[in-house]
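So that the names make sense, note that chain A is the first sequence line, chain B the second, and so on, each numbered from 1. When reading the values below, keep in mind they use all heavy atoms of this one structure, side chains included, and skip hydrogens, waters and symmetry mates.
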2 protein chains.
Amino acid sequence: MTGLKSKQKKGLSRIQEKNRARIIDAALAEFSRHGYSGTTIDKIAASAGMSKSNLLYYFSSKSAIYEAALAHILDVWLDPLRGLNVDNDPAEELSHYIHQKMKMSAELPAESRLFANEVLQGAPRIRPVLENDLKRLIDEKTKVIQSWIDQGRIKAIDPVHLIFSIWSMTQHYADFEPQIVALTGKSLKDADFRDTAESTVLHLVLSGLGLKRRTGQDA
Amino acid sequence: MTGLKSKQKKGLSRIQEKNRARIIDAALAEFSRHGYSGTTIDKIAASAGMSKSNLLYYFSSKSAIYEAALAHILDVWLDPLRGLNVDNDPAEELSHYIHQKMKMSAELPAESRLFANEVLQGAPRIRPVLENDLKRLIDEKTKVIQSWIDQGRIKAIDPVHLIFSIWSMTQHYADFEPQIVALTGKSLKDADFRDTAESTVLHLVLSGLGLKRRTGQDA
DNA sequence: GTCTATACCCGGATAGAC
DNA sequence: GTCTATCCGGGTATAGAC
């Protein structure tokens with residue numbers, strides 16, 4: 001973690017800890033929908049069930065809340081990719097990764113939107129994290145994919161663009177959910193829809209790599 | 001066009017026409033980067049080279065500018081999909097579509113971001129357009145894909161999810177550009193990078209449909 | 001540690017001179 | 001058609017009582 005410190009809970013009381021957590025949750029929901037400028041401290045406070053001034057006691061400023069929310073999601077956000085293991089079966093590893101990403105789109109859509117929002121606006125606050133932590137992670141994982149290619153276990157493809165494709169296809173279901181609902185009447189909350197979505201992504205990726213889909217799809 | 005009227009230029013003078021166009025351009029750039037609440041009329045005016053009050057002479061309110069900008073991009077935005085023709089070769093049609101979408105990400109990133117921003121925030125203003133115009137278009141084009149499947153010209157796939165995949169993979173390069181730059185040091189402005197990106201998307205889609213890539217890639 | 005009151009500023013929008 | 005001046009609401013942040 002470079003730009004944003006993920007946790008600095010030194011000596012916080014139970015109630016402080018709990019209130020901070022409630023604020024972060026509320027902030028996540030608000031920021032992810034309305035962007036930074038579009039959300040007010042008042043709204044966050046209301047959503048967290050406390051007064052505006054009380055909230056300002058826990059966080060000194062609006063941007064402090066925003067950065068805390070951002071830092072809070074980063075770890076869980078980057079986690080699935082860390083699991084890609086070069087020693088395992090490529091089809092299994094990638095199926096698992098896609099499944100994890102789709103699960104996050106389904107269960108943590110606000111996190112996805114907040115991240116999208118931040119990047120869409122030029123990533124002013126998490127640029128350092130992207131350039132350092134995430135860059136290192138990507139360099140490591142593209143090597144994993146490249147070695148699968150070198151070993152002849154998957155067809156040749158550009159590893160970075162493959163990862164971008166997986167990111168975009170899976171996150172799309174969270175970030176563009178209103179459009180998806182408008183067009184299909186369904187979302188990832190619908191189990192069948194979610195299965196079809198995941199199957200489609202899985203199929204595109206695996207067949208692009210010359211792999212067959214495994215029978216049990218959630219590795 | 002249902003929710004937003006695309007053009008209502010009744011009897012505008014040359015200078016009015018020109019100033020309105022300049023405002024829309026400036027607004028597009030600002031809104032796409034900072035979102036609705038994050039952009040100020042002042043900024044738009046400055047970027048358009050006129051005073052705030054003068055701008056307010058042309059558009060009565062901030063939201064009027066926003067809606068005009070949104071309406072302005074919608075036609076060009078939905079245009080590529082309209083071209084999908086059931087009578088032509090699927091590989092050629094889809095290659096062409098992907099090429100068009102990638103071209104738009106490269107040449108009209110602000111348009112892409114504005115659209116993404118709007119949808120991300122719940123599509124409050126273009127929901128009607130999505131539910132009507134775009135819905136009709138999608139229904140029509142999924143039928144095209146489905147008939148290719150029925151004719152045995154491409155492998156079975158869910159047509160809607162296929163379209164979502166193409167949208168997400170191509171638009172990703174515009175919407176998440178800051179992240180892509182942070183990770184690769186390159187963007188679609190780099191010709192080689194753009195070729196590799198497009199090839200990867202093309203490869204994933206075509207191999208997923210059991211098709212071979214055509215030699216000339218821009219159909 | 002939590003609340004009320006308020007200072008302060010910024011941005012949207014209007015009035016009216018030129 | 002363009003400008004200056006200004007009003008006004010809303011939002012951040014602080015001071016200080018409890």
Y66(A) OH to dT12(D) P, in whole Å, measures 15 Å

Of the listed dT2(D), dG1(D), dT2(C), the closest approach to the Y58(B) side chain comes from dT2(D)

For Y173(B) and H161(A), take the angle between the two ring planes, folded into 0 to 90°, and tell me which bin it lands in: parallel under 30, tilted 30 to 60, perpendicular over 60. tilted

Looking at N19(B), does any N or O in its side chain come under 4.0 Å of the phosphate oxygens OP1/OP2 on dT2(D)?
yes

For S53(A), the side-chain contact (heavy atoms from CB on, under 4.5 Å) test, sequence neighbours excluded, returns S51(A)

Review point. dT2(C) phosphate, OP1 or OP2: any side-chain N/O from Y57(A) under 4.0 angstrom?
Key: no

note: N54(A), atom CG; dG1(C), atom P; distance rounded to Å ~ 11 Å

For Q171(A), the side-chain contact (heavy atoms from CB on, under 4.5 Å) test, sequence neighbours excluded, returns W77(A), K101(A), S112(A), W167(A), D175(A), F176(B)

In whole angstroms, the gap separating C1' of dG1(C) from CZ of F59(A) amounts to 15 Å

Readout for nucleotides 11-18 of chain C: B = base within 4.0 Å of protein heavy atom, S = sugar-phosphate only, - = neither; 5' to 3' it is SBBB----

Output for pair (E177(A) CD, I180(A) CD1), nearest 0.5 Å, gives 7.5 Å

Rounded to whole Å, the CD1-P distance (I44(A) to dA13(D)) equals 11 Å

- Query: Should the pair H172(A) and F164(B) be assigned to parallel (<30°), tilted (30 to 60°) or perpendicular (>60°) ring geometry?
  - Reply: tilted

Is the backbone N or O of A26(B) less than 3.5 Å from a side-chain atom of K43(B), with the two atoms forming a donor-acceptor pair by type? no

